[in-house]
Amino acid sequence: SVVLAASLLAIYEVVGQDCLSNPELNAVFQTDDPTCCQQDVCAIPCAEEVTPPAKGACLFQTSFSILSCTRGRFLSCNFIFPGFGIVIGIGIAISFLVGFATLFLVHGEAENFFVAGRSLPLWIVAMTLGAQSIDSNAILGNADLSYKYHFFDGAVLPIGLGLSLILNGLFLARHINAERNVLTLPDVFAKRYGKIVEVLVSIATIVSFMMLLAGNLVGMGVILAYLWGLSVESGIWITFVIVWMYTVSGGLFSVAYTDVVQGIMGWSGCVVFAYYMIANSDPKAPPPSIGFPDYIYPDLQGEGGVCDMYDGVSCTYNTTLCCYNVDKWCPSEDNCTTDNGAYPVGDQPVFSNQLSYYNALSPFPNAMLWDWATIFILALGNLAALDFQARCMAAKTPKIATYGCLIGGLFTFFVGIPFSYMGAITRVYYGPDSVHASFDADTCQPLLGLPTCALWLPDASAFLHLLTHDTPAFLGGWCLLGIVTASMSTADGAILAMGTVFAHNIVRQLDVWKPDLISAENLLWVTRIATVPLALSSTLIAAYYTSDNPQGATGYLLIVAFDVMLATCVVPLFGCFYCKTPRPMAALLSVLAGAITRTVMEFTLPKDGYLLLPYDVPEFQDVGPAASAALPTFIDAPEADIWDPSVEVCETRQFEDYTGVDSLSALLASFVVFVLVQFVEEMMDRPLPTWAGLAPYEKKLGGDELDKSEATKAVEHGEEPPKEMELVKEETTEQPADKEAEKET
């Protein structure tokens, strides 16, 4: 909860609406001509509305280059800007056509559809991995969170996603690429742990990616709704139709090549926009508040602080204090420079100790534990992401898969982290000291000396307003295009991954009752059909799920997606490649232990929804209902008119939310169980009681390329055969004696 300072000057002006929950206090303010609660109760001017963005062709003037165009003036100019909605529509159309055209690269072959023929070069692998990492969460969600809270509350998203790619490159990518006879990540589990673990992992990954897809549909739907004047639900459904159609046509070919096109069109715009704003914005964060008549500054004259910055004068009632200079800043009613007094000492773009000190944001609370938990969830949970590993499988060689991950991770940092700086810049234009600020009148906070109007209500569209109203129009449109294409690039990968796993790793298990239900010949079409109900389910979640979580629906769905993977799949995945003999029972019990621990703690840990631990300091007290009709403590007035919190008590409560503890505990439980069972079976030199579903096996995929040994592939590309692959092959499958036996395997 964000609480801030605001003024309460005309307390005897009355309202004719129920602004306060206390009837007696509300009765103090009654009038026949109400305006808005924050004006009538707190004397804060009503929030000014933001005009809709330009939708059609509009002229813009530039003095020397496109980057200096001035928005919204119909003047003679150097170029015509077609409108934000039209620009986004053209970008979506180009992505759709490129993706649909890749239908002709598939040639009806499953391997081409699922892993792009294992033929992707480094530059495409790096771009498509970066595209999956840089989604609407890493850009739009990042900017929104850093605007509502502070820098690292948003930056943890690209930091976690980028770290995940780097860790994948260091520890897993080369092993994943070296696997043969696999189309999906659950195939890797099947070769070590058998069908039961394969199915459990498949279910977990599908649930995870339904959340991931829903989050990105929300992100793109919000933008389309804002630009085209639609409902958010309509924007989400339009997004679903477009992305689904080109994804099912070309499979991973369409995903990879549209990622490249989307990167060229959009990410470049995001990078240029972010670094342009960082270099040219002044101020880069809200400065100290200038205040209003009778506002008391936080320091004294001659100290070189805020008082001297604004040429403050001695206060009337307490002459030792420094107050707002009416003669200089408000010589007449129609010539006043004021704000809401929200930042007594100013804001900063970054508080460097936000991740190391729980009270770094004083007088506001700091969700330090949750920020660290988010980094761990994304960095480790994403290692079991279907889309990341599908691209590693699609790389030409293990070395390309490794370097592609490392480049993609660094690129995620380069593109995503600068958007965290946009939070402070957005607060300059749409923060609590701006003319667009909204407050909840029925709130109090003793720490800030506010008997009413203590809670600022952030604008959910603030960053979109910044892009369309307060930056060069060309750059704003270019960045919006980048965010939309980033959402599309992650959404198409999620659709492809879910359909592939459902058809290949779940439906294919029905072969026991109906042999050849799924074959190499019909797998591609079954996968395409499977994407329909799965993508529709995600779209329904996106369209109708609302969250009161402080991170909002998009951010919360992203965390849920990889929380599932962290609890169930990450530990057994490392076991596949870093245990000499991975034990199926260890994997099964590890998956179950993580899932059960996460589920139980979700419903047993105290969670109030604010993601803040209950530190016993005033900063970690939530706002209470309006406590008094007196003036705030930072107003120069007779002592009898100033609020005394010890007399008129503000009924606050302590924040208490242990979210993040459950995620990390589930990972720990999964790890302990896996290691324990591995150790016991090694000591016994035999498996614990088991059954047929835990017998490792390989699928019959068909196709000469899929049956080609990894050693042969490495030699073809001038590389040394991976020794670890030869070891795994000997331990998990018997080698065929002839070519017919190899084909049968």
Side-chain angles (χ1 to χ4, degrees), residues 110-111 113-115 118 172 175-176 179-213 247-248 251-252 255 383-394 493-535 537-538 561 564-565 568-570 572-573 575-576 582 584 587-588 590-592 595 692-703 706 732-733 745:
E111 187 184 22
F113 185 85
F114 296 124
V115 290
R118 304 183 191 273
L172 296 175
H175 299 291
I176 293 291
E179 289 290 307
R180 52 180 298 222
N181 281 1
V182 297
L183 293 180
T184 66
L185 184 62
D187 284 347
V188 177
F189 286 82
K191 291 176 66 175
R192 273 77 172 180
Y193 306 126
K195 292 186 176 182
I196 295 177
V197 175
E198 175 193 6
V199 171
L200 290 176
V201 168
S202 299
I203 294 172
T205 55
I206 288 175
V207 171
S208 169
F209 270 63
M210 286 178 68
M211 300 299 110
L212 178 65
L213 175 58
T247 301
V248 298
L252 192 57
V255 171
L383 294 175
L386 297 172
D387 51 356
F388 278 7
Q389 305 303 1
R391 282 144 186 77
C392 291
M393 293 177 188
I495 291 174
L496 176 64
M498 289 191 298
T500 304
V501 169
F502 184 77
H504 181 61
N505 298 104
I506 295 181
V507 177
R508 203 160 193 168
Q509 305 303 329
L510 300 178
D511 282 356
V512 175
W513 295 279
K514 187 174 177 56
D516 296 326
L517 175 66
I518 304 294
S519 63
E521 289 73 26
N522 65 12
L523 177 59
L524 191 154
W525 282 105
V526 173
T527 299
R528 284 171 167 157
I529 294 171
T531 61
V532 177
L534 296 171
S537 299
S538 293
V564 172
M565 308 304 293
T568 57
C569 302
V570 172
L573 177 60
C576 288
L588 173 62
S590 174
V591 170
L592 295 177
L694 292 179
Y697 80 107
E698 291 188 26
K699 290 184 176 65
K700 178 182 177 182
L701 301 180
L706 284 174
T732 57
T733 60
T745 301

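The model shown is predicted, which means the values in this text are computed figures rather than measured ones. For this chain, numbers begin at 1 and follow the sequence in order.
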Engineer: Do you know which of Leu200, Leu386, Thr500 makes side chain to side chain contact (heavy atoms under 4.5 Å, CB included) with Pro186?
Structural biologist: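 Checked Leu200, Leu386, Thr500 against Pro186; only one passes side chain to side chain contact (heavy atoms under 4.5 Å, CB included): Leu386.
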
Engineer: For the residue pair Val188 and Glu179, what are the closest heavy atoms and their distance?
Structural biologist: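 Closest approach of Val188 to Glu179, heavy atoms only: CG2-CG, 4.1 Å.
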
Engineer: List the steps, then state whether side-chain contact (heavy atoms from CB on, under 4.5 Å) holds for Leu185 with Ile176.
Structural biologist: CA-CA 8 Å; Leu185 184 62; Ile176 293 291; 3.9 Å; yes

Engineer: Can you name the closest pair of heavy atoms from Val501 and Thr205 and give their distance?
Structural biologist: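 So the two residues come closest at CG1-OG1, 4.0 Å.
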
Engineer: His504 and Asp187: which non-hydrogen atoms are nearest, and at how many Å?
Structural biologist: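 Shortest heavy-atom separation between His504 and Asp187 comes out as NE2-OD2, 2.7 Å.
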
Engineer: Using every non-hydrogen atom in the two residues, find where Pro572 and Cys569 come nearest and quote the distance to one decimal.
Structural biologist: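 Closest pair (atom of Pro572, atom of Cys569, distance): CD-O, 3.4 Å.
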
Engineer: Give every residue pair that meets the salt bridge (charged side-chain N to carboxylate O under 4.0 Å, His left out) criterion with at least one member in residues 197-209, sequence neighbours excluded.
Structural biologist: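 Residue pairs with at least one partner in residues 197-209: Glu198-Lys699.
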
Engineer: If I take atom CG from residue Asn505 and atom CD1 from residue Ile203, how far apart are they, to the nearest 0.5 angstrom?
Structural biologist: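 Going from CG on Asn505 over to CD1 on Ile203, the span is 11.0 Å.
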
Engineer: Given side chains that start at C-beta, do those of Pro584 and Val197 come closer than 4.5 Å, heavy atoms only?
Structural biologist: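 A side-chain contact is absent here, since even the closest heavy-atom pair is not under 4.5 Å.
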
Engineer: Ignoring hydrogens, what is the shortest heavy-atom contact between Ala384 and Val570? Give both atom names and the distance.
Structural biologist: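 Shortest heavy-atom contact: CB-CG2, 4.4 Å.
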
Engineer: Go through the steps to decide whether Met498 and Ser538 satisfy the test side-chain contact (heavy atoms from CB on, under 4.5 Å), and finish with yes or no.
Structural biologist: CA-CA 11 Å; Met498 289 191 298; Ser538 293; 3.9 Å; yes

Engineer: List the residues meeting side-chain hydrogen bond (donor to acceptor under 3.5 Å, both in side chains) with Ser590, not counting sequence neighbours, and say none if there are none.
Structural biologist: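 Per chain and number, Ser590 pairs via side-chain hydrogen bond (donor to acceptor under 3.5 Å, both in side chains) with Ser670.
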
Engineer: Side chain to side chain contact (heavy atoms under 4.5 Å, CB included) with Val507: which residues, sequence neighbours excluded?
Structural biologist: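 If we apply the side chain to side chain contact (heavy atoms under 4.5 Å, CB included) test to Val507, skipping adjacent residues, the hits are Phe502, Leu510, Leu517, Ile518.
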
Engineer: Write down the atom of Pro696, the atom of Arg192, and the distance for their closest heavy-atom approach.
Structural biologist: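 Looks like CG-O, 3.2 Å.
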
Engineer: Under the 3.5 angstrom rule, does the side chain of Gln389 hit a backbone N or O of Thr184 as a donor-acceptor pair?
Structural biologist: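 Not a single qualifying donor-acceptor pair exists.
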
Engineer: Can you tell me if Tyr193 uses its side chain to pair, donor with acceptor, with the backbone of Pro582 under 3.5 Å?
Structural biologist: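 Not a single qualifying donor-acceptor pair exists.
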
Engineer: For Ala494, check side chain to side chain contact (heavy atoms under 4.5 Å, CB included) against everything at least two apart and list the hits.
Structural biologist: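 Here the qualifying residues are Phe209, Leu213.
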
Engineer: Just to verify, what does Ala503 make a side chain to side chain contact (heavy atoms under 4.5 Å, CB included) with, not counting sequence neighbours?
Structural biologist: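 Checked Ala503 against side chain to side chain contact (heavy atoms under 4.5 Å, CB included); matches are Leu523, Val526, Thr527.
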
Engineer: Is the backbone N or O of Ala692 less than 3.5 Å from a side-chain atom of Lys195, with the two atoms forming a donor-acceptor pair by type?
Structural biologist: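 Absent.
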
Engineer: Begin with the C-alpha distance, continue with both residues' side-chain angles, and end with the deciding distance and a verdict on side-chain contact (heavy atoms from CB on, under 4.5 Å) for Gln509 and Val199.
Structural biologist: CA-CA 9 Å; Gln509 305 303 329; Val199 171; 3.8 Å; yes

